[in-house]
Amino acid sequence: MTITDRTSTPTSEPVDAPAGPAASTAAPAGPATLDGPAAALAAALDGPLVSTQWLADHLGADGLVVVDASVVPSQGADGRPSYLSGRDRFLRDGHVPGSVFADLLEAFSDPAGRFPFTRPEAAPFEAAVAELGIGADTTVVIADTAVGQWAARLWYLFRSFGHDRVAVLDGGVNAWRAEGRPVEQRPVTVPSAGAASPLVARPRTGFWVSTEEVAEIVAGTRPGALVCGTPPRDFAAGHIPGSLSAPAVRLVDRETNTLLPERELRALFADVLDAPGPIVVYCGAGIAAASDALALGLLGRHDVLLYDGSLSEWAADPAAPLASAA
């Protein structure tokens with residue numbers, strides 16, 4: 001590796017190619033305060049990942065909202081990677097029946113943030129979930145049309161604001177379609193569940209890490225391991241020194257689009273699984289990193305923190321070191 005004071009900032013995230021903190025990646029909490037159908041549905045959700053069969057078995061159940069969080073990769077006029085809302089594709093190409101669309105570009109990010117996909121504050125998050133018909137008692141299953149990184153990002157946001165009854169659809173919309181399961185193209189009428197029992201966002205500690213804390217890990221004055229979720233080419237171009245490369249595109253099976261078996265995930269994360277915590281995950285803009293957080297949680301590491309600004313913020317500082325492939 002060659003460490004330089006600055007290289008070009010890798011900003012691209014995994015796209016539509018087949019490739020899944022202390023409390024942030026743990027299994028969803030039980031339905032202690034629920035009763036009736038909501039309690040039964042929440043009890044059936046026994047982890048942060050559900051299969052297409054699980055969703056097919058529960059589709060249409062009271063208290064379930066399926067969310068499509070797709071974002072479409074694009075290219076700006078300057079040739080740099082950019083992103084478009086997946087809403088048009090959601091309606092044109094079809095979606096899981098009854099699912100609603102979440103706009104990660106604006107509604108579930110801070111459009112005024114200095115860096116792309118900056119996480120929203122509590123009040124805008126509450127308003128965005130209410131618009132989707134999601135309330136305090138709702139069980140949420142999130143999918144996307146990529147390799148799961150967009151779904152994982154929204155999953156991470158829900159957990160960071162205190163809502164545990166949320167999971168990612170393993171394989172996403174691509175796996176759902178490949179199995180010949182039904183899709184619909186008509187506009188979706190958003191349910192009104194959120195209004196009856198609104199979700200109150202309660203920010204949790206132990207989910208996010210600052211640039212200063214990452215710098216201390218790099219300097220060796222703070223314990224922690226670093227995992228980078230950018231594609232291999234971007235990792236080679238520039239990453240935070242000492243990072244393990246765990247591209248989101250390599251967390252999933254290329255044929256099924258579902259997360260790799262546990263033994264393969266363990267091999268991919270072998271260099272950090274036994275490292276003293278926390279494990280800091282990052283990428284270009286805090287999206288692919290959420291896939292790493294999800295996978296690490298499934299492997300039993302629940303001391304994962306996400307660097308929200310990721311390389312967009314790190315490389316904005318000319319003095320911040322970047323490592324590149326020799």
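In terms of modelled atom types and a separation under 3.5 Å, the side chain of E126 and the main chain of A201 share a donor-acceptor contact. A donor-acceptor contact shorter than 3.5 Å is absent between the side chain of R250 and the backbone of P232. Under the 3.5 Å distance criterion, the side-chain polar atoms of S109 are matched with a main-chain donor or acceptor of L104.
Using a 4.5 Å cut-off on side-chain heavy atoms (C-beta onward), L259 and L298 make contact. Residues V281 and L305 form no side-chain contact, since every pair of their non-hydrogen atoms from C-beta on lies 4.5 Å or further apart. Contact check for F125 versus L199: side-chain heavy atoms found under the 4.5 Å cut-off. Put simply, the side chain of P97 reaches to within 4.5 Å of the side chain of E184, judged on heavy atoms.
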CA sep, side-chain torsions, deciding dist, call: L311, D234, side-chain contact (heavy atoms from CB on, under 4.5 Å):
CA-CA 10 Å; L311 285 168; D234 287 353; over 6 Å; no
Let me see the working for F207 and R159 under side-chain contact (heavy atoms from CB on, under 4.5 Å), right down to the final yes or no.
CA-CA 9 Å; F207 276 76; R159 297 300 305 278; 3.7 Å; yes
D144 vs R153, salt bridge (Lys or Arg N to Asp or Glu O under 4.0 Å): CA-CA, chis, key distance, verdict
CA-CA 11 Å; D144 65 33; R153 170 68 179 193; over 6 Å; no
The test is side-chain contact (heavy atoms from CB on, under 4.5 Å); show your working for L105 and F117 and say whether it passes.
CA-CA 6 Å; L105 289 173; F117 299 106; 3.6 Å; yes
Walk me through whether I134 and V67 qualify under side-chain contact (heavy atoms from CB on, under 4.5 Å).
CA-CA 10 Å; I134 295 170; V67 179; 4.0 Å; yes
Applying side-chain hydrogen bond (donor to acceptor under 3.5 Å, both in side chains) to E313 and T211, what does each step give before you reach the verdict?
CA-CA 8 Å; E313 182 170 355; T211 298; 2.9 Å; yes
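Note: W314 and Y307 have perpendicular aromatic rings, judged against thresholds of 30 and 60 degrees for the angle between ring planes. Taking the six-membered ring where tryptophan is involved, the planes of W208 and Y156 are perpendicular, since the angle between them exceeds 60° and thus also 30°. The aromatic rings of F108 and F158 sit tilted relative to each other, their planes meeting at an angle between 30° and 60°.
Between R92 and Q185, the shortest heavy-atom distance links the atoms O-NE2, 2.6 Å. Contact record, A122 with P203: CB-CG, 4.2 Å, taken as the closest heavy-atom pair. Here the shortest heavy-atom pairing between G277 and D303 reads CA-OD2, 3.2 Å. Of all heavy-atom pairs between A289 and C283, the closest is N-SG, 3.3 Å. The shortest non-hydrogen separation linking S51 to D170 is CA-CB, 4.5 Å. The heavy-atom pair separating L157 from R119 by the smallest distance is CD2-CB, 3.9 Å.
In this model, no donor atom of one side chain and acceptor atom of the other lie less than 3.5 Å apart for Y282 and T230. Residues S291 and Q149 bring no donor and acceptor atom of their side chains to less than 3.5 Å of each other. Side-chain contact of T52 with E179: a donor-acceptor pair under 3.5 Å is present, judged by distance alone.
Going from atom CG of D88 over to atom OG of S70 covers 12.0 Å, rounded to the nearest 0.5 Å. Atom CG of D68 is separated from atom CZ of R89 by 10.5 Å, given to the nearest 0.5 angstrom.
No single ILVMFWY cluster, assembled from side-chain heavy atoms under 4.5 Å apart, contains both V140 and V200. Residue V173 is not grouped with residue L55 when hydrophobic side chains (ILVMFWY) are merged at heavy-atom distances under 4.5 angstrom, including chains of intermediate members. F115 and V280 fall into different hydrophobic clusters, where Ile, Leu, Val, Met, Phe, Trp and Tyr side chains are chained together by heavy-atom contacts under 4.5 Å.
Within 6.0 Å of the CZ atom in R233, the count of heavy atoms belonging to other residues, nucleotides or ligands does not exceed 12. In this structure, E264 places its CD atom where more than 12 heavy-atom neighbours from other residues, nucleotides or ligands lie under 6.0 Å away.
Taking the charged nitrogens against the carboxylate oxygens, R301 and D292 have no contact shorter than 4.0 Å, which rules out a salt bridge.
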